[in-house]
Participant: 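Pasting in a structure now, in structure tokens, and then I'll have a few things to ask.
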Number of protein chains: 2
Amino acid sequence: MKNISEENYLKAIFILSGKNDQEVFTNDLALYLSNKAASVTDMLKKLAQKKFVSYKKYSGVTLTEQGKKKAIDIVRKHRLWEFFLVNQLGFTWDEIHEVAEQLEHIQSDLLIERLDAYLRFPQSDPHGDPIPNRNGKFKQTNSKALAELAERSNAIVFTVTDKPDLLRYLSKIGIALGTKVKVLEKIPFDNSLLLQLNGKNKIQVSADIAKHIKVQL
Amino acid sequence: MKNISEENYLKAIFILSGKNDQEVFTNDLALYLSNKAASVTDMLKKLAQKKFVSYKKYSGVTLTEQGKKKAIDIVRKHRLWEFFLVNQLGFTWDEIHEVAEQLEHIQSDLLIERLDAYLRFPQSDPHGDPIPNRNGKFKQTNSKALAELAERSNAIVFTVTDKPDLLRYLSKIGIALGTKVKVLEKIPFDNSLLLQLNGKNKIQVSADIAKHIKVQL
DNA sequence: ATTATATTTTAGGCAAATCTAAATTATTTT
DNA sequence: AAAATAATTTAGATTTGCCTAAAATATAAT
């Protein structure tokens with residue numbers, strides 16, 4: 001159970017660098033990990049020395065092949081455990097994140113292979129994110145943030161970031177994976193959205209929330 | 001995932017102090033945990049300060065009520081996970097220990113309650129050891145070390161300590177939980193035993209091994 | 001192109017958990 | 001009961017991952 005911190009950094013870099021492997025910046029990492037920028041710099045140097053990231057002072061980091069492989073492995077574990085928690089143990093959306101954060105660091109290839117098989121090789125986790133297979137392959141989905149949709153467009157809720165508070169709130173206002181949303185109006189002042197859910201009830205969501213909801217067109 | 005080290009110490013003290021809560025000594029702990037005695041002393045002071053153990057220099061430790069409760073909780077988690085690994089994921093005897101050592105430190109009461117229910121509240125783990133219930137209660141079994149049996153006595157193998165090497169060896173020579181053993185002969189020179197298994201094949205085991213096998217009369 | 005602001009890095013420290021080597025206390029032997 | 005041996009503790013270091021405050025660099029604004 002060593003290297004938990006390193007693993008969290010690699011995963012964070014992977015997630016923040018998005019589909020195109022963009023550089024990730026110190027402050028963003030610090031924010032995401034709830035650490036201070038100085039600590040991030042320290043760790044980036046260590047990760048660079050171990051060849052898990054390419055790092056040049058003042059210009060952000062990217063994962064090396066090796067680092068990306070590790071990161072994907074952790075994401076795989078995280079999502080498999082989330083699937084297990086929801087589908088076998090009856091956890092709800094908002095209860096799983098914290099536990100999966102811990103379980104993802106359990107070190108045992110055998111365990112993950114067996115778990116994967118036990119769950120019948122699921123393709124996506126309870127948030128709708130793809131679960132990489134044992135070779136690190138997973139299908140990218142072409143999704144957008146809800147916040148980026150134009151007025152009048154229709155879409156289907158696809159992924160939601162892993163924040164318990166948000167998840168609880170969304171459940172409450174009726175947004176779940178698979179919910180059909182139509183953007184009725186974008187309020188220019190604060191970029192909040194007026195949505196219609198499944199062709200029925202109308203709700204208002206802030207721009208901030210809309211950024212955290214991914215949809216498929 | 002903090003306090004892993006503390007948890008390991010508490011569990012070790014619990015296990016080494018046996019049924020009668022005997023004091024546990026620094027060197028024994030050091031040996032069991034693969035640490036140095038000096039490190040053990042350091043940690044004992046810290047645990048004493050937190051009121052998890054009663055510790056007086058040079059005279060061993062015992063768990064306080066509080067400490068014992070924590071220790072039992074960890075044992076409960078360890079054994080539940082072992083049960084899960086064997087009965088759901090198809091692990092064998094000798095593959096589970098290392099993984100359970102990690103899983104036992106996952107921090108989530110909800111997880112353990114759900115897992116317990118999912119497994120239908122098992123009473124004992126794959127080694128035959130009792131699994132404490134949510135209140136820390138479990139039935140003590142009156143078992144003895146095989147090494148302590150007199151010649152001609154019969155017994156049933158009940159528990160085996162958690163060392164992968166030993167477990168693999170025992171599987172190989174035909175000893176499993178539930179195996180009936182009869183002590184045919186005790187060799188006085190080295191205290192090794194000549195055993196008959198299930199009324200059939202005869203095997204020889206060293207005193208060292210016989211100490212690690214618990215039997216029921 | 002300077003200046004102001006924001007970001008990132010360096011320097012120096014701290015707490016946890018471990019270690020080695022030396023000192024202390026207990027136990028066993030003669 | 002003194003001496004020898006064994007067990008335990010203390011003292012002082014090391015490593016990891018984090019921190020604050022100050023310095024350096026990059027970016028934006030005038």
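Lettering follows sequence order; numbering is per chain, from 1. All of these numbers come straight from a predicted model, not from anything done at the bench.
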Participant: Is the distance between the ring centroids of His105(B) and His105(A) under 6.0 Å?
Facilitator: no
Participant: Using a strict cut-off of less than 4.0 Å between a Lys/Arg side-chain nitrogen and an Asp/Glu carboxylate oxygen, indicate whether Asp109(A) and Arg134(A) qualify as a salt bridge.
Facilitator: no
Participant: Could you list where the contact with chain A starts and ends along DNA chain C, reading 5' to 3', using a 4.0 Å heavy-atom cut-off?
Facilitator: dT7(C) to dT10(C)
Participant: Considering residues at least two apart in sequence or located in another chain, which fulfil the side chain to side chain donor-acceptor pair (under 3.5 Å) criterion with Thr92(A)?
Facilitator: Asp94(A), Glu95(A)
Participant: Is a salt bridge present between Lys70(B) and Glu6(B), judged by a nitrogen-to-oxygen distance below 4.0 Å?
Facilitator: no
Participant: Under the side chain to side chain donor-acceptor pair (under 3.5 Å) rule, collect the residues that match up with Tyr169(B), sequence neighbours excluded.
Facilitator: none
Participant: Which residues pass the side-chain contact (heavy atoms from CB on, under 4.5 Å) test with Ser108(B), sequence neighbours left out?
Facilitator: Val99(A), Leu110(B), Leu111(B)
Participant: What I want to find out is whether Arg76(A) reaches Asp116(A) closely enough, with some N-O distance under 4.0 Å, to be called a salt bridge.
Facilitator: yes
Participant: Strictly distance-based, threshold 3.5 Å: is any side-chain N or O of Arg79(B) a donor or acceptor partner for the main-chain N or O of Asp129(B)?
Facilitator: no
Participant: Please check if any side-chain donor atom of Tyr9(B) sits under 3.5 Å from a side-chain acceptor atom of Asn3(B), or the reverse.
Facilitator: no
Participant: Taking NZ, NE, NH1 and NH2 as the nitrogens, is one of them in Glu101(B) or Lys11(B) under 4.0 Å from a carboxylate oxygen of the other?
Facilitator: yes
Participant: Please report how far the helix from dA1(C)-dT30(D) to dT30(C)-dA1(D) bends, comparing the axis fitted to its first five pairs with the axis fitted to its last five, to the nearest 10 degrees.
Facilitator: 0°
Participant: Summarise how protein sits on nucleotides 3-17 of chain D as a single string, 5' to 3': B when a protein heavy atom is under 4.0 Å from the base, S for sugar-phosphate-only contact, - for no contact.
Facilitator: ----SBBB-----SS
